[in-house]
Amino acid sequence: MPTLTIDGNEVTVENGTTVLQACEVAGIEVPRFCYHERLSIAGNCRMCLVEMEKAPKLVASCAMPAGDGMVIHTNTEKVKKAREGVMEFLLINHPLDCPICDQGGECDLQDQSMAYGIGQQRYDENRRSVREKNMGPLIKTEMTRCIHCTRCVRFAEEVAGVPDLGAINRGENTEIMTYLEHSLASEMSGNVVDLCPVGALTSKPYAFSARPWELKHTETIDVHDAVGSNIRIDVRGREVMRALPRVHEDVNEEWISDKTRHAVDGLKYRRLDQPYVRVNGELQPASWQDAFAAIAAKTSGLSGEKMAAFVGDMQDMESMYALKQLMTSLGSKNIECRQDGANLDASERASYLFNSGIAGIDEADLILLVGTNPRLEAAVLNARILENVRARGLKVASIGAEADLTYDVEHLGEDASVLAELAAGKGDIFKALQAAEKPMLIVGQGALAREDGAVILKLARDLADKAGMVSEHWNGFNVLHTAAARVGGLDLGLVAENGQNINSLLGRAEAGEIEFVYLLGADEFDVSKLKDSFVVYQGTHGDAAVSVADVILPGAAYTEKDGTYINTEGRVQKAVKANVPPGDAREDWTILRALSEVVGHVLPFDTAAELNEKLVNELHLVDVVDVKPQAAWGDFGVEGDVAAGALISPVTDFYQTNPIARASKTMAACSAEFVQVGVALEEATGTHG
């Protein structure tokens, strides 16, 4: 490990560390524009110049490996003059339009020109103007501001896996653009706005909406998928203005998906802000008392066997626990959290967790995907796979429908029979899994939500055993969920008894055996099968289930309440209230607590603290926050034969997966731009995948 002297202080760093990184270890700030710790080194901007003894000229610290015995100076007059010169050149063609720039107040160029510039400019020629580029509905361009740091170019290729951005022309005529002048088609494209050190790339939906000093910041958790990305919600007044990523190395590093970032405008539209009761076939506004009275009248004297409850994909643990307590008090065990009908075994925690952890992808040397498209189901996780494919040569194979995952994949076939052969110890991939030190199996809901899902789960478990994927220090068996509430629901045991699932319960409702159904934010199934039941819908948006609801109770969205979520790894995370619900909407657990009084089965908690205490007493793991758990390996799944047919991901439109996203105008624009156009092109050309 090299030891070098920086501004008179000795520092020892790891092999492969650059001088710039060594300066950071020493606590010394070195300005930079093009360097980013998660991207390859470009050495474009020269802002990070430092003086190295015995070197003939200043060196770019971002590209210079730290060597033993180096003597570095970062604050000499020579370095100061060089930085001033670099800054002066960077500003030659910059429009200097800070007062009208969306990046104002959080702009690296603005900050560093104040700290390292000379405060004046000697250049008096005409400035260059660059034509704006179309990068889609999410990215607004002002390319005259661009300083050609190429952060966006490197991100698009190295993290998003869509090498559509690049530089054309040379010298003063250089421009960053999409080569074919089309939208940047990536589920991660919004991250280039965070990376841009100037105002060249800004958020189109957020443009001219607010200044950073007007916003209240709240650190919380995303619930649009099961990854549990750490985010910051920025609010002005009662309105959520934007969502930005927070760094969490083990979950989302510092990236978030476009849905996480831009679906927040869906929190404004189609909101349920008061109770409704259906009268003579029409939904009419009602008071809370009238809505509760209608529910009480229906449940009075009704057997628990004739009741059921379905839990949605974005619910917090507190609301799910309160619903479970209410349904149990009413005598019903027909409560189901698996909206997609996935055949998951709630009795064995290892059977439904991403046991390796998302960060475990960094250690895996071979990944087998089964019935999943991680690019659509968990875009941030998919970016992590791409990162390891590029950096370490990680090998990936898949069973299921072919898709562009942004990296090379060995496609083994679409049918589940391929998995059966592997579980029997046949095939080259089985031998490769056996030979790998840390093999990883990722099973998606496209495999588990079929009628033979329990059989596929058993085959996957057997393959993990036979291929040596499970040992004392490594569990390579992983289930990738698509819903933020799914693991928490399974942990709470929200699975219908006697082998039933949502499909069998819906069948009983159609047959008239289930007369009362409580939907807690549940919209992702065929709600028409409930047309003959009395339906209570408690949720945030006027989505699918509202069409069959007899009573509507307005709930709070994920930004409007404190709550506990458990991500696909089984990691417990805490969401924090950023703003208040609209109108008469209330936090979900408080609605259920108030309803329990009216129906005559009072729940045993009055405050959030009391509810949390009850929840922890029933489920101790909720008290261990932000730690990847280690679940005991057991036996699960069902022996049997797999059915014919391809394993197809349940996510067909990344931008329209939940009520908030479907209410978002931004997501609708993205769907029209990237999904519907693609489908039309496939139909016209007869191509797929």
Side-chain angles (χ1 to χ4, degrees), residues 237-240 264-300 302 307-312 314-316 318-319 322-323 326-327 330 509 515-525 527-561 577 579-603 658-665 668:
R238 300 177 59 156
E239 182 180 351
V240 174
V264 293
D265 70 313
L267 294 167
K268 297 187 294 185
Y269 306 117
R270 292 164 50 183
R271 288 302 301 270
L272 300 174
D273 58 1
Q274 67 180 100
Y276 290 85
V277 174
R278 192 175 294 275
V279 179
N280 298 324
E282 296 288 333
L283 285 170
Q284 303 290 342
S287 66
W288 283 103
Q289 292 79 5
D290 290 342
F292 287 163
I295 298 170
K298 181 62 181 179
T299 57
S300 178
L302 191 65
M307 302 182 190
F310 302 146
V311 176
M314 307 177 81
Q315 297 304 310
D316 56 287
E318 288 79 2
S319 64
L323 179 63
L326 178 62
M327 295 303 293
L330 291 170
E515 300 177 18
F516 175 86
V517 178
Y518 202 109
L519 303 181
L520 183 60
D523 292 276
E524 314 304 323
F525 60 91
V527 297
S528 66
K529 294 185 177 182
L530 299 178
K531 63 181 183 299
D532 296 327
S533 303
F534 186 93
V535 177
V536 177
Y537 179 73
Q538 178 177 326
T540 59
H541 287 72
D543 208 74
V546 166
S547 63
V548 296
D550 295 283
V551 176
I552 296 174
L553 306 177
Y558 70 104
T559 63
E560 299 160 0
K561 58 185 175 181
K577 184 176 182 177
N579 62 328
V580 296
D584 289 335
R586 297 291 183 266
E587 295 187 30
D588 291 302
W589 76 265
T590 64
I591 296 173
L592 291 159
R593 170 62 180 80
L595 175 61
S596 70
E597 286 193 15
V598 179
V599 298
H601 298 275
V602 182
L603 296 180
N658 59 64
I660 297 175
R662 287 191 288 270
S664 165
K665 293 182 179 181

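Hydrogens, waters and symmetry mates are skipped; everything else that's a heavy atom, side chains included, is used.
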Mind checking whether Val311 and Tyr518 have side chains closer than 4.5 Å, heavy atoms only? no
Value for CD (Gln284) from OH (Tyr276), rounded to nearest 0.5 Å, stands at 10.0 Å
I'd like to know if Glu560 pairs up with Arg271 as an ion pair, taking the criterion as any Lys NZ or Arg NE/NH1/NH2 lying under 4.0 Å from an Asp or Glu carboxylate oxygen. yes
Heavy-atom nearest pair, Val277 first then Ala286, reads CG2-CB, 3.7 Å
With side chains defined as the heavy atoms from C-beta onward, is the minimum distance between Val517 and Val548 less than 4.5 Å? no
Check step by step if side-chain hydrogen bond (donor to acceptor under 3.5 Å, both in side chains) holds for Asp588 and Gln538. CA-CA 8 Å; Asp588 291 302; Gln538 178 177 326; 2.8 Å; yes
Side-chain contact, heavy-atom cut-off 4.5 Å: Trp288 with Leu553? yes
Least distance between heavy atoms, Asp523 atom then Ala544 atom: OD1-N, 3.4 Å
Note, Ile660 side chain near Leu267 side chain (heavy atom, < 4.5 Å): yes
Is any side-chain heavy atom of Trp589 closer than 4.5 Å to one of Leu323? no
Side chain to side chain, Arg278 and Asp550, heavy atoms closer than 4.5 Å: yes
Salt bridge Arg270-Asp543, side-chain N to carboxylate O under 4.0 Å: yes
Just say parallel, tilted or perpendicular for the rings of Phe534 and Phe516, cut-offs at 30° and 60°. parallel
Under 3.5 Å donor-acceptor, Thr299 side chain and Ile295 backbone: yes
I want to check something: taking the side chain as every heavy atom from C-beta on, are Met307 and Glu515 in contact at a cut-off of under 4.5 Å? no
Locate the shortest heavy-atom distance separating Leu603 from Arg593; write the atom from each residue and the value. O-NE, 3.5 Å
Minimum heavy-atom separation for Val527 and Ser547, please, with both atom names. CG2-OG, 4.1 Å
Using side-chain heavy atoms (C-beta onward) and a distance below 4.5 Å, is Pro275 in contact with Ile552? no
What's the shortest heavy-atom distance between Val580 and Arg238, and which atoms? CG2-NE, 3.4 Å
Does Glu318 come within less than 4.0 Å of Lys561, counting only side-chain N to carboxylate O? no
Flag the pair Arg662 and Glu524 as a salt bridge only when some basic side-chain nitrogen lies within less than 4.0 angstrom of an acidic carboxylate oxygen. yes
His601 to Leu330 - nearest heavy-atom pair and separation: CD2-CD2, 3.6 Å
One should read off an interatomic distance between Thr540 OG1 and Asn658 CG, to the nearest 0.5 angstrom, of 8.5 Å
